[in-house]
Trainee: 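Handing you this structure, nothing more for now.
Below, chains carry the letters A, B, ... as their sequence lines are ordered, and counting in each starts from 1. All values derive from a computational prediction rather than experimental measurement.
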There are 2 protein chains.
Amino acid sequence: MSTALDPTDKEILRILQKDATLTNKELAFKLNKSIATVHERIKKLKEQGYIKRIVAILDRKKIDKGLIAFPQVLLKEHTAEALIEFEKEVAKFSEVMECFQLTGSSDFILRIATSDMDTYHLFLRNKLATLPNISTVQSFFVLSETKSDTAYPI
Amino acid sequence: MSTALDPTDKEILRILQKDATLTNKELAFKLNKSIATVHERIKKLKEQGYIKRIVAILDRKKIDKGLIAFPQVLLKEHTAEALIEFEKEVAKFSEVMECFQLTGSSDFILRIATSDMDTYHLFLRNKLATLPNISTVQSFFVLSETKSDTAYPI
DNA sequence: TTTGAAAACTCTCGCGC
DNA sequence: GCGCGAGAGTTTTCAAA
């Protein structure tokens, strides 16, 4: 099983990252390949894990997620167990879209989606701040989203 | 044109955010609706802008985007023109996946995807730092990605 | 990788609730 | 208004070469 991507594979990934509703027929036309070839390539790209999933991207403001916040969290204890415990607990909160462990002075940065500041405040008090081992939390709030892309350049 | 979502619409959005490869037939079965109804609902959800697009989510490590960084950028000038100019220029860089204007002391936070630290360094020196009006840039680097979700709770 | 044919799915229309 | 059935038109799938 070769894992290297040839130019056709890369082009498929480039296109599907932007629009995964294209039919195999349309893709085949763009790539000058047969439909069966395109189908086979995509199947392999999924099997090999290049494509993790195909999802719908929603307009968050329309579904009442008007506020995005980035709390930076510093922990008291930095043992392996403490880090893992924090990650495990924080992942359970539905407001937490992403959780990254960082280098530097902040241990973690989260991306939180809530409807408004009141809801965020409740999340902070009733959920995040109740976790053991938290030292400090400094929250940044998004005023505007200038660029938001899920497609990596390939 | 009503804009409120009924429980069926919400369930459709919930499902498609996690897996948009389900056929209308499968969705119809899950929802106890007819195929035609499901089809009609999804069409409306796209037309009304709830669903912005359907995309493939890739495994970034497999496509040589091993490093995610969050540079926080402070500008010198804070006029409307200066902010807009910065947003416009930064959006052109292919390494920039996201750009948020923030409240608080940092003006912007970016999410940058590169293959490694060397490439990030080049991005910083040759691209980001060449923009006019930048005061300071403080970069955080991701050690590990604990949670990464594109699906909002609905 | 391609072809070709069968199976599955999509999408629209018109009727009924 | 909303949902459903049926059918033509597309797309996908899976042989075999």
Side-chain angles (χ1 to χ4, degrees), chain A residues 1-65 115 149-154, chain B residues 1-60 62-64 150-154:
Chain A
M1 180 198 94
S2 168
T3 278
L5 296 176
D6 73 9
T8 303
D9 290 322
K10 289 185 183 178
E11 188 62 21
I12 289 174
L13 291 180
R14 233 174 262 130
I15 293 171
L16 292 184
Q17 280 194 105
K18 299 212 177 87
D19 183 1
T21 66
L22 293 183
T23 63
N24 289 345
K25 192 184 177 186
E26 290 168 309
L27 232 27
F29 178 76
K30 273 181 197 276
L31 299 167
N32 280 313
K33 300 280 174 184
S34 73
I35 292 173
T37 300
V38 168
H39 180 251
E40 196 56 35
R41 298 285 192 128
I42 294 175
K43 200 173 133 199
K44 274 213 184 101
L45 289 169
K46 285 180 181 172
E47 283 169 1
Q48 292 174 177
Y50 286 96
I51 297 173
K52 289 201 291 187
R53 54 191 187 282
I54 309 286
V55 302
I57 302 294
L58 307 190
D59 184 335
R60 66 177 172 83
K61 295 195 177 165
K62 292 217 159 204
I63 53 167
D64 198 28
K65 301 296 173 190
S115 57
D149 213 335
T150 54
Y152 296 102
I154 296 181
Chain B
M1 177 199 95
S2 167
T3 278
L5 296 176
D6 73 10
T8 302
D9 290 322
K10 289 185 182 176
E11 188 63 21
I12 289 174
L13 292 180
R14 233 175 262 130
I15 294 171
L16 292 185
Q17 280 194 105
K18 300 213 179 87
D19 184 359
T21 66
L22 293 184
T23 62
N24 289 346
K25 192 183 175 186
E26 291 169 307
L27 229 29
F29 179 75
K30 273 181 196 278
L31 299 168
N32 280 311
K33 300 278 177 190
S34 74
I35 293 174
T37 300
V38 168
H39 181 253
E40 196 54 37
R41 297 285 194 129
I42 294 175
K43 200 174 137 197
K44 273 211 185 105
L45 288 168
K46 285 180 181 171
E47 283 168 3
Q48 292 174 177
Y50 286 95
I51 297 173
K52 289 202 291 189
R53 53 192 188 283
I54 309 285
V55 302
I57 302 294
L58 307 190
D59 184 336
R60 66 177 172 81
K62 292 216 160 206
I63 52 167
D64 199 27
T150 54
Y152 296 101
I154 295 182

Trainee: What is the distance, rounded to the nearest whole Å, between atom NE2 of A:His39 and atom P of D:dA15?
Mentor: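 Spelled out: NE2 on A:His39 to P on D:dA15 is 12 Å.
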Trainee: Whole Å only: how far is the NZ atom of A:Lys25 from the C1' atom of D:dG9?
Mentor: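 Taking NZ of A:Lys25 and C1' of D:dG9, I get 10 Å after rounding.
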Trainee: Figure out the CD/P separation between A:Glu40 and D:dA15, and round it to whole Å.
Mentor: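 After rounding, the gap between these two atoms is 12 Å.
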Trainee: Which pair of heavy atoms, one from A:Lys62 and one from B:Gln48, lies closest together, and at what distance?
Mentor: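 Shortest heavy-atom contact: NZ-O, 2.6 Å.
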Trainee: Closest approach to the side chain of B:Lys44, judged atom by atom: which nucleotide of D:dC2, C:dT1, D:dT11 is it?
Mentor: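 So the nucleotide nearest the side chain must be D:dC2.
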Trainee: Side chains of residues 36-47 of chain B: which donor-acceptor partners sit under 3.5 Å, not counting sequence neighbours?
Mentor:
residue: B:Thr37; atom: OG1; partner: B:Ser34; partner atom: OG; Å: 2.8
residue: B:Arg41; atom: NH1; partner: B:Asp6; partner atom: OD1; Å: 2.8
residue: B:Arg41; atom: NH1; partner: B:Asp6; partner atom: OD2; Å: 2.9
residue: B:Arg41; atom: NH1; partner: B:Asp9; partner atom: OD1; Å: 3.0
residue: B:Arg41; atom: NH1; partner: B:Asp9; partner atom: OD2; Å: 3.3
residue: B:Arg41; atom: NH2; partner: B:Asp6; partner atom: OD2; Å: 3.1

Trainee: Where do A:Lys18 and B:Arg53 come nearest, in terms of heavy atoms and distance?
Mentor: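 Closest heavy-atom pair between A:Lys18 and B:Arg53: O-CD, 4.0 Å.
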Trainee: What is the distance, to the nearest angstrom, from the NZ atom on B:Lys46 to the P atom on C:dT10?
Mentor: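 Answer to the nearest Å: 10 Å.
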Trainee: Output yes when a side-chain donor or acceptor of A:Gln17 lies under 3.5 Å from a complementary backbone atom of B:Leu58, and no otherwise.
Mentor: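 Checked: no pair found.
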Trainee: Looking at C:dC9, I'd like to know if its phosphate oxygens (OP1 or OP2) sit under 4.0 Å from a side-chain N or O belonging to B:Asn24.
Mentor: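 It does not, given that no N or O in the side chain of B:Asn24 lies less than 4.0 Å from OP1 or OP2 of C:dC9.
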Trainee: Write out all pairs satisfying salt bridge (charged side-chain N to carboxylate O under 4.0 Å, His left out) with one or both partners inside residues 23-39 of chain B, taking only residues at least two apart or from two chains.
Mentor: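 Passing the test, one end in residues 23-39 of chain B: no pairs.
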Trainee: In whole Å, I'd like the distance from the CG atom of B:Asp6 to the P atom of D:dG1.
Mentor: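 About 15 Å, once rounded to whole Å.
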Trainee: Could you tell me how far apart B:Ile35 (CD1) and C:dC9 (C1') are, to the nearest whole angstrom?
Mentor: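 To the nearest whole Å, that distance equals 8 Å.
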Trainee: For a side-chain contact (heavy atoms from CB on, under 4.5 Å) check, start with the C-alpha distance between B:Val55 and A:Val55, then their side-chain angles and the critical distance, and finish with the verdict.
Mentor: CA-CA 6 Å; B:Val55 302; A:Val55 302; 4.3 Å; yes
Trainee: Should we count NZ of B:Lys52 as having more than 12 external heavy atoms under 6.0 Å?
Mentor: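 Yes.
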Trainee: Side chain of B:Lys43: nearest nucleotide among D:dT11, C:dT12, D:dG3?
Mentor: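 Among the listed nucleotides, the one closest to the side chain of B:Lys43 is C:dT12.
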Trainee: Just how far, in rounded Å, is C1' of C:dC9 from CD1 of B:Ile42?
Mentor: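 So the two atoms are 13 Å apart, to the nearest Å.
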Trainee: Angle between the end axes of the helix from C:dT1-D:dA17 to C:dC17-D:dG1, five pairs per end, to the nearest 10 degrees?
Mentor: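 About 40° separates the two local helix axes.
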Trainee: Side-chain N or O of B:Ser34 less than 4.0 angstrom from OP1 or OP2 on D:dG5?
Mentor: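 Answer no for this pair, as no side-chain N or O of B:Ser34 is under 4.0 Å from OP1 or OP2.
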Trainee: Given atom CG of B:Leu31 and atom P of D:dC4, what is their separation to the nearest angstrom?
Mentor: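 In whole Å, D:dC4 P lies 11 Å from B:Leu31 CG.
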Trainee: Heavy atoms from C-beta onward define the side chain here; which of D:dC14, D:dC2, D:dG5 lies closest to that of B:Ala36?
Mentor: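 Output: D:dG5.
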Trainee: Side chain of A:Arg41 only, heavy atoms from C-beta on: which candidate in C:dC11, C:dT1, D:dC2 is closest?
Mentor: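 Among C:dC11, C:dT1, D:dC2, the one nearest the side chain of A:Arg41 is C:dT1.
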